[in-house]
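So that the names make sense, note that chain A is the first sequence line, chain B the second, and so on, each numbered from 1.
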Number of protein chains: 2
Amino acid sequence: MIFTYMCKTCGCSSRSRDFGTIERFVEPCILLLLSKESAHGYGLLEGLETHCGEKVDVGDLYRTLRRMEHDGWVTSVWDKKNVRDKRVYTITKEGHAFLKHAVASLKQTDELIHHLFSGYQKVYPDSNAI
Amino acid sequence: MIFTYMCKTCGCSSRSRDFGTIERFVEPCILLLLSKESAHGYGLLEGLETHCGEKVDVGDLYRTLRRMEHDGWVTSVWDKKNVRDKRVYTITKEGHAFLKHAVASLKQTDELIHHLFSGYQKVYPDSNAI
DNA sequence: TACACATATATGTAAATATCATATAGCAAT
DNA sequence: ATTGCTATATGATATTTACATATATGTGTA
């Protein structure tokens, strides 16, 4: 997410990323999609855009998949039966376990967000932000 | 948040941060606390721990406050009337506006998290993760 | 035919953020 | 004395993200 705020002091826009960005949120999204069916990197793009609320950087996606393979959450094989070669990823037992862990972790995050919301509503009862 | 997963391939634990970490979540928390009353950095620690779900790095807090002052969201003055000197921060008009923006942004994040949850429950209806 | 565009994977580089350690200094309690 | 708390701050490093670029093939179209 891109944040376009220009700072009052010097007019810079160096702080480019928006609030609400969850670090490596794309990873549980990938694991959830692969829980339904194995897929190759490019084929995940559309589903990830839905889950992440915006386009996912393609280069970042491929690097993430390799990292996840290194960590043992997915495995990959080359599929050469198609028009173009595809590296097809499959979720592992460890990947399932990690997805469960990530969901539980996000549950805690969700509670922190809602705690902020309730605090905000107390201070600004007339706000339409939420 | 610290994530202690050891990777299957090489046993490393290089990916240390847990899922669910929201980038710069501490900033709207600071602004909410300053909406109630002006405060100095060290005095914010306790309230921030509640809002962030864990201890906030003190060094990070001071750097964040300076950054927020540079961006015009808070102002600070030295309070020398006490036993120890304190730099007391006050939220600005721009800080109020930014907090509102951050809350609206987190509302979208909240929706993405819940979208993941509902997808997860479809694939794993018997899971106790959520 | 030439060109743009989509599919498919991947790397290079820079910026922003988070983490951990360290520095300074006064005060209180043991 | 020295340990611990209050209070502010910087240095160094690791991690993540964003944007650009590279490569190669297929598909549509002017």
**Request:** List the protein contact pattern of nucleotides 3-11 of chain D with one symbol per nucleotide (5' to 3'): B for base contact, S for sugar-phosphate-only contact, - for none; contact means a heavy-atom distance under 4.0 Å.
**Result:** ---BBBBBB
**Request:** Can you tell me the distance, in whole Å, between the CD atom of A:Glu23 and the C1' atom of D:dA18?
**Result:** 15 Å
**Message:** Expressed as a whole number of angstroms, how long is the span from A:Leu61:CG to C:dA10:C1'?
**Reply:** 11 Å
**Asked** Is the backbone of B:Ser105 close enough, under 3.5 Å, to the side chain of B:Thr109 for a donor and an acceptor to pair up by distance?
**Response** yes
**Prompt:** Nearest-Å distance, CG (A:Asn82) to C1' (C:dA6)?
**Reply:** 16 Å
**Prompt:** Got A:Ile22 and B:Glu23 here, is their nearest side-chain heavy-atom distance under 4.5 Å?
**Reply:** no
**Prompt:** What is the distance from CD1 of B:Ile22 to C1' of D:dT15, rounded to the nearest Å?
**Reply:** 18 Å
**Request:** Ignoring hydrogens and angles, tell me if any N or O in the side chain of B:Thr92 forms a donor-acceptor pair with the backbone of B:Gly72 under 3.5 Å.
**Result:** yes
**Request:** Taking A:Ser118 for its side chain and A:His115 for its backbone only, find out whether a donor-acceptor pair lies under 3.5 Å.
**Result:** yes
**Message:** Without decimals, in angstroms, what is the distance between B:Glu27 CD and C:dA16 P?
**Reply:** 13 Å
**For atom CG of A:Leu45 and atom P of C:dA10, their distance in whole Å** = 13 Å
**Request:** Evaluate the side-chain proximity of B:Thr64 to B:Glu27: yes if any heavy-atom separation is below 4.5 Å, no if none is.
**Result:** yes
**Message:** Can you measure A:Met68 atom CE to C:dA10 atom P for me and round it to whole angstrom units?
**Reply:** 15 Å
**Item:** Whole angstrom value for the distance that separates C1' of C:dT9 from CG of A:Leu65
**Value:** 11 Å
**Request:** Check A:Trp78 against A:Arg87 and note the closest heavy-atom contact, atom names and distance.
**Result:** NE1-NH2, 3.2 Å
